[in-house]
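Since the structure comes first, as structure tokens, the remarks are kept for the end.
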Amino acid sequence: MSASNISDDSLTATLFLTGIPGLEWAHIWIAFPFISGNHPPMCLVALAGNAALILVIAMDKALHAPMYLFLCLLLLTDLALSSITVPKMLAILWLHAGEISFGGCLAQMFFVHSSYAVESSILLAMAFDRYVAICNPLRYTVILNHTVIGRIGLVGILRSVAVVSPFIFLLRRLPYCQHHVMAHTYCKHMGIARLACANITVNIVYGLTVALLAMGLDSILITISYGFILQAVFCLPSRDAQHKALRTCSSHLGVILIFYIPAFFSFLTHRFGQHRVPKHVHIFLANLYVLVPPVLNPIIYRARTKEIRGRLIRLLHLRKISL
């Protein structure tokens with residue numbers, strides 16, 4: 001029998017996602033803030049907040065500057081990530097509906113990791129945008145015109161697809177020996193790979209390589225960009241000019257911290273701290289990793305960016321008058 005036939009025969013037809021192990025009794029309460037309660041549900045806050053900012057940026061030509069176009073790409077990625085993970089997550093936590101086909105799990109895994117990679121690319125592009133705006137302001141709109149922004153977005157998508165696609169082939173080649181229960185609320189590469197009854201060294205090495213060459217390299221380049229930005233800012237003649245320049249970067253820095261701190265914590269504990277960090281803590285934080293950025297990113301930019309805050313208030317006021 002050929003190797004391909006062995007792999008095909010040993011692939012499990014369905015997987016079962018169990019949610020957060022050790023906290024099964026609390027699943028209904030963990031899901032509660034996402035769908036009910038005295039305050040607006042988190043999933044609706046994420047959807048409404050991202051959609052509102054995308055609408056404001058799309059409708060107002062004054063906000064078609066590079067900074068806001070990159071923000072629009074970031075919000076679209078957040079919407080995609082929420083749409084991919086939240087419905088199944090709620091079905092598992094609220095309805096105990098954890099069954100998913102192997103192909104569906106691979107598809108979710110692909111889009112989740114692709115969204116992470118795209119978001120990392122966009123954050124790097126936004127760091128470059130701030131670098132050009134502060135260090136070379138006279139050529140800002142020439143360097144970052146709409147064509148360049150479109151190409152940056154396309155390169156980010158193509159890069160994510162190129163580095164994540166091999167995960168599918170690496171997982172399909174493994175035998176699973178009818179192992180089909182995965183302790184998680186959504187499908188991840190290493191979560192699926194650990195179900196295999198074979199050596200997964202290739203999966204571990206490639207996953208580590210992707211993390212270091214994609215998100216790791218992006219974070220290093222972002223740090224270098226902000227090194228040049230801070231150098232330029234502190235060379236400005238007045239304190240007011242320095243404060244104004246730093247304020248333009250504060251929203252982006254907040255988004256970077258929200259994205260990269262949980263990402264690196266999840267990555268490092270998954271590979272090096274499995275026996276030190278309780279599994280339910282790791283999975284709970286992994287859930288927050290896909291839920292918190294889509295909720296907080298619109299709030300950060302709405303609160304810290306005067307132009308967006310003003311346009312959003314005007315849009316809401318016009319809708320209230322029309323009603």
Side-chain angles (χ1 to χ4, degrees), residues 45-46 49-50 52-78 119-146 148-149 152-153 156 215 217-265 292-317:
V45 170
N50 284 280
L53 287 193
I54 291 170
L55 181 63
V56 167
I57 294 170
M59 290 179 61
D60 197 327
K61 290 186 177 180
L63 295 179
H64 288 184
M67 172 183 174
Y68 301 111
L69 294 178
F70 283 129
L71 173 59
C72 195
L73 293 176
L74 182 70
L75 297 174
L76 285 170
T77 307
D78 283 341
E119 187 152 350
S120 183
S121 299
I122 294 170
L123 291 175
L124 175 59
M126 294 173 81
F128 178 66
D129 165 78
R130 293 297 84 206
Y131 167 76
V132 175
I134 292 173
C135 298
N136 202 350
L138 297 179
R139 301 193 62 223
Y140 177 54
T141 55
V142 176
I143 295 173
L144 287 172
N145 56 55
H146 288 184
V148 172
I149 293 171
I152 290 173
M215 293 172 62
L217 181 60
D218 289 349
S219 63
I220 291 171
L221 293 175
I222 288 171
T223 303
I224 293 172
S225 295
Y226 270 96
F228 286 119
I229 288 170
L230 290 175
Q231 185 180 20
V233 166
F234 290 124
C235 289
L236 294 174
S238 68
R239 286 292 180 90
D240 287 341
Q242 291 177 3
H243 291 160
K244 184 178 179 181
L246 289 174
R247 276 199 303 271
T248 65
C249 299
S250 60
S251 300
H252 183 232
L253 284 171
V255 170
I256 287 172
L257 294 176
I258 289 171
F259 179 78
Y260 280 109
I261 289 177
F264 282 118
F265 180 83
V292 171
V295 172
L296 291 186
N297 287 351
I299 295 173
I300 290 172
Y301 272 95
R302 189 169 64 238
R304 299 292 300 171
T305 308
K306 182 173 64 176
E307 292 82 3
I308 289 179
R309 188 168 62 248
R311 263 75 170 190
L312 188 59
I313 292 172
R314 188 171 65 183
L315 176 65
L316 294 174
H317 182 66

- Item | Exercise: identify the closest heavy-atom pair between V233 and Q242 | O-CG, 3.2 Å
- Item | Shortest non-hydrogen contact between L144 and P66, atoms and distance | O-CG, 3.2 Å
Scan the side chains in residues 121-137 for donor-acceptor partners under 3.5 Å anywhere in the protein, sequence neighbours excluded, and list what turns up.
from : atom 1 : to   : atom 2 : distance (Å)
S121 : OG     : A117 : O      : 3.1
S121 : OG     : R159 : NE     : 3.4
S121 : OG     : R159 : NH2    : 2.7
D129 : OD1    : Y140 : OH     : 2.4
R130 : NH2    : Y140 : OH     : 3.4

- Mind checking whether I220 and I224 have side chains closer than 4.5 Å, heavy atoms only? yes
- Message: Test your reading of the model: is there a side-chain donor-acceptor pair from N297 to the backbone of P294, 3.5 Å cut-off?
- Response: no
- Looking at D218 and S120, what are the two nearest heavy atoms and their distance? OD2-OG, 2.7 Å
- Do L73 and I152 come close enough that some side-chain heavy atom pair is under 4.5 Å? no
- So, for F70 and H252, is the gap between ring centers shorter than 6.0 Å? no
- Message: Working to the nearest 0.5 angstrom, can you tell me the gap between T223 OG1 and F228 CZ?
- Response: 12.0 Å
- Taking atom CG of L230 and atom CG of L246, what is their separation to the nearest 0.5 Å? 7.0 Å
- Message: Minimum heavy-atom separation for P293 and D78, please, with both atom names.
- Response: O-OD2, 4.0 Å
- Item | Atom pair CD1 (I222) and CD1 (I229), whose distance is rounded to the nearest 0.5 Å | 10.0 Å
- Item | Student check: side-chain heavy atoms of I149 and H64 closer than 4.5 Å | no
- Taking atom CD of E119 and atom CZ of F259, what is their separation to the nearest 0.5 Å? 5.0 Å
- Message: Working to the nearest 0.5 angstrom, can you tell me the gap between Y226 OH and L221 CG?
- Response: 13.5 Å
- Task: Taking all non-hydrogen atoms of both residues into account, name the closest pair between I57 and L63 and its distance.
- Result: CG2-O, 3.8 Å
- Message: Rounded to the nearest 0.5 Å, what separates atom OG1 in T141 from atom CZ in R139?
- Response: 10.0 Å
- Message: Within the 4.5 Å heavy-atom criterion, are I143 and V148 side-chain neighbours or not?
- Response: no
